[in-house]
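Some notes on the structure that comes next.
Numbering of ligands and ligand atoms starts at 1, following listing order.
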Amino acid sequence: MPTVLIAGGSGLIGGHLTRHFKDRGFRVFKLTRNPKKHGHIHWDPQSEKISTSKLSRIDILVNLVGENIGSQRWTTKRKAAILSSRVQSTHFLSSVIPQMTNLKYYIGASGVNCYENLPGKVFTEEEPYGHDFLATVVKEWEAAHQLILHQVPGSILRISMVLSRHGGSLHLMKQPVYWGIGAPVGSGSQTSPWIHIDDLCRLMLFAYDNKLEGIYNALGGNDTNADMTTRLAKWLKRPLFMPNIPAFLLRLLLGERAILVLSDLRASNHKIKQAGFSFKFTSLDSVFKSFFKK
Ligand SMILES: NC(=O)c1ccc[n+]([C@@H]2O[C@H](COP(=O)([O-])OP(=O)(O)OC[C@H]3O[C@@H](n4cnc5c(N)ncnc54)[C@H](OP(=O)(O)O)[C@@H]3O)[C@@H](O)[C@H]2O)c1
């Protein structure tokens, strides 16, 4: 059975993806700065150190590395960490690919927030990068992934907001709604692409099985912030009566990172569907039902 190495495998997506690979009988190793368990391999991309003993056994490499973009205010220092944790670590990974003599396939994580903020437009993978901070990060991150893709076949997935029962954005949205103080943010009409974590993991396995190459938007649907809040309140059986949280207040509280909830983006998943992938979760109700229906 193939052996998978997940760089950044200790995070939200990596944990879930590990289960999907193991269910298929694959052996999984994780590259982490803090090895704690059997199956963890130590690396420190900043000082360019990596434990090399198992590298020749790796068949599939998945790169999910990156400082969390939502957890802290975007100071100059934080922005540099968000960028370098993705770009520098991917450059370092590309330098050790020659030691992965068995490597057959690579999957690089990227973000769908790479397009211009043009409300109403549906972005396909062919559209140019935007010009804000996240778009710049994605542009450099994908250029770094390409250094690996010059050495081994693989794909880049432009991941949208990952919906999981166990953490990430949904966990943050859920808290206020659960306590009855939830409300849409800004006008509430801004749209975000999202993907159920199971579909994302299935998509990664699909990419490997079909040896997909190129860049793919990874999203199950696009919904407005108001729709998300309303559907969430319905599934949590909570009332929703608070007024919208004004955009200016969010910008005051969160600074520039308020764009994560205020930006208005619609993306297309036509390309991955054309490649033959079928999403299990294409509506918010189907997602929330999978999480909250007893
Ligand atoms: N979750 C989403 O909604 C979403 C949406 C779009 C794109 N993505 C992208 O998908 C990737 C995985 O997402 P996730 O939600 O699983 O992220 P996560 O839970 O924050 O995990 C990211 C992993 O990256 C590693 N990491 C963080 N900072 C690092 C640094 N400075 N140097 C080396 N490693 C570092 C950490 O591993 P160790 O601490 O074990 O070393 C961590 O477990 C990220 O790159 C993220 O930007 C996620």
Side-chain angles (χ1 to χ4, degrees), residues 5-20 28-37 39-51 61-72 74 77-93 96 107-115 133-142 144-145 155-174 192-201 203-204 215-221 228 257 259-261 263 265 267 269 287:
L5 178 62
I6 309 179
S10 62
L12 177 72
I13 299 172
H16 213 82
L17 184 62
T18 300
R19 285 193 289 282
H20 276 250
V28 178
F29 292 113
K30 297 182 182 188
L31 261 189
T32 169
R33 293 162 300 168
N34 304 299
K36 292 181 193 120
K37 296 182 190 164
H40 282 185
I41 299 177
H42 178 255
W43 77 328
D44 181 4
Q46 206 179 351
S47 55
E48 307 206 332
K49 289 195 184 112
I50 187 166
S51 165
L61 174 62
V62 183
N63 178 1
L64 300 175
V65 175
E67 291 284 347
N68 193 293
I69 59 169
S71 63
Q72 293 178 38
W74 289 356
K77 195 171 158 204
R78 185 67 191 158
K79 281 181 164 181
I82 287 171
L83 181 68
S84 74
S85 62
R86 288 168 172 77
V87 176
Q88 195 194 328
S89 60
T90 304
H91 278 184
F92 177 53
L93 266 182
V96 296
I107 298 174
S110 171
V112 82
N113 286 69
C114 61
Y115 303 109
F133 169 63
L134 288 178
T136 310
V137 169
V138 169
K139 187 176 178 184
E140 292 198 31
W141 196 9
E142 292 186 350
H145 287 314
S155 54
I156 296 173
L157 302 183
R158 289 183 173 161
I159 303 172
S160 53
M161 175 173 44
V162 176
L163 298 179
S164 160
R165 197 189 340 210
H166 301 293
S169 309
L170 183 60
H171 185 68
L172 297 175
M173 278 189 271
K174 203 176 93 179
S192 294
W194 53 262
I195 187 165
H196 190 297
I197 194 158
D198 275 340
D199 270 343
L200 177 60
C201 296
L203 203 161
M204 289 183 176
I215 298 180
Y216 295 85
N217 289 337
L219 63 130
M228 276 203 192
R257 118 189 108 119
I259 196 165
L260 293 174
V261 283
S263 75
L265 170 69
N269 57 11
V287 174

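When only non-hydrogen protein atoms are considered, atom 36 (C) of ligand 1 lies nearest to R33 NH2, 3.7 Å. Here the heavy atom of the protein found nearest to atom 5 (C) of ligand 1 is S160 O, 3.3 Å. Given atom 6 (C) of ligand 1, the protein heavy atom at minimum distance is I159 O, 3.2 Å. The single protein non-hydrogen atom nearest to atom 19 (O) of ligand 1 is L12 N, 2.9 Å, given as residue, atom name and distance.
Interatomic distance, M161 CE to S169 OG, rounded to the nearest 0.5 Å: 5.5 Å. Atom CH2 of W141 is separated from atom CG of L134 by 10.0 Å, given to the nearest 0.5 angstrom. One finds the NE2 atom of H20 at 11.5 Å from the CD1 atom of I13 (value rounded to the nearest 0.5 Å). Distance check: N68 CG to S85 OG gives 9.5 Å after rounding to the nearest 0.5 Å. Atoms CZ and NZ, on R257 and K79 in that order, are 12.5 Å from each other to the nearest 0.5 Å.
Evaluated by nearest non-hydrogen atom to atom 22 (C) of ligand 1, the leading choice among G9, G66, S169 is G66. One option in L200, L17, L170, L64 has a heavy atom closer to atom 44 (C) of ligand 1 than any other, and that option is L64. One option in N68, D44, T32 has a heavy atom closer to atom 40 (O) of ligand 1 than any other, and that option is T32.
Taking distance alone, with nitrogen or oxygen atoms compared against 3.5 Å, I13 approaches ligand 1 more closely than that limit. The distance criterion of under 3.5 Å between nitrogen or oxygen atoms is met by G11 with respect to ligand 1. Checked by distance only, ligand 1 and W43 stay at 3.5 Å or farther apart across all their nitrogen or oxygen atoms. An N or O contact shorter than 3.5 Å links V162 to ligand 1 by distance. Checked by distance only, ligand 1 and M161 stay at 3.5 Å or farther apart across all their nitrogen or oxygen atoms. Where the criterion is an N or O separation shorter than 3.5 Å, residue side chain and backbone included, W141 fails it with respect to ligand 1. Polar contact with ligand 1: present for V65 (N/O pair, distance under 3.5 Å).
Legend: residues meeting side-chain contact (heavy atoms from CB on, under 4.5 Å) with N269, ordered by chain and number and at least two apart, are L219, I272, K273, F279. Taking W43 as the reference, nothing meets the side chain to side chain donor-acceptor pair (under 3.5 Å) condition, with sequence neighbours excluded.
Close approach of ligand 1 to E67 is summarised as follows: ligand atoms under 4.0 Å from at least one heavy atom of the residue are 27 (C), 28 (N), 29 (C), 30 (C), 31 (N). Below 4.0 Å from some heavy atom of S85 lie the following atoms of ligand 1, by number and element: 30 (C), 31 (N). The G8 neighbourhood of ligand 1 comprises atoms 23 (C), 24 (O), 43 (O), with distances under 4.0 Å to a heavy atom of that residue. The S10 neighbourhood of ligand 1 comprises atoms 37 (O), 38 (P), 40 (O), 42 (C), 43 (O), with distances under 4.0 Å to a heavy atom of that residue.
The side-chain heavy atoms of K30 and K37, taken from C-beta on, include no pair separated by under 4.5 Å. Counting only heavy atoms from C-beta outward, the side chains of I82 and W74 approach each other to under 4.5 Å.
Using a 4.0 Å threshold on non-hydrogen atoms, atom 17 (O) of ligand 1 does not count as touching the protein.
Of the candidates L31, N63, L64, I6 forms a side-chain contact (heavy atoms from CB on, under 4.5 Å) with just one, namely L64.
H16 and D198 are linked by a side-chain donor-acceptor pair at a separation below 3.5 angstrom, with hydrogens and angles left out of the test.
A donor-acceptor pair is defined here as one N or O able to donate and one able to accept, closer than 3.5 Å; such a pair exists between the side chain of Q88 and the backbone of Q46.
At least one heavy atom of S110 lies less than 4.0 angstrom from ligand 1. Close to ligand 1: P45, with a non-hydrogen atom less than 4.0 angstrom away. The closest approach between R86 and ligand 1 falls below 4.0 Å for a heavy atom of the residue.
Looking at R86 and E140, no side-chain N of the basic residue comes within less than 4.0 Å of a carboxylate O on the acidic one, giving no salt bridge.
Under 4.0 Å from ligand 1, not a single heavy atom of K30 appears.
Between A218 and L200, the closest heavy-atom pair is CB-CD1, 4.2 Å.
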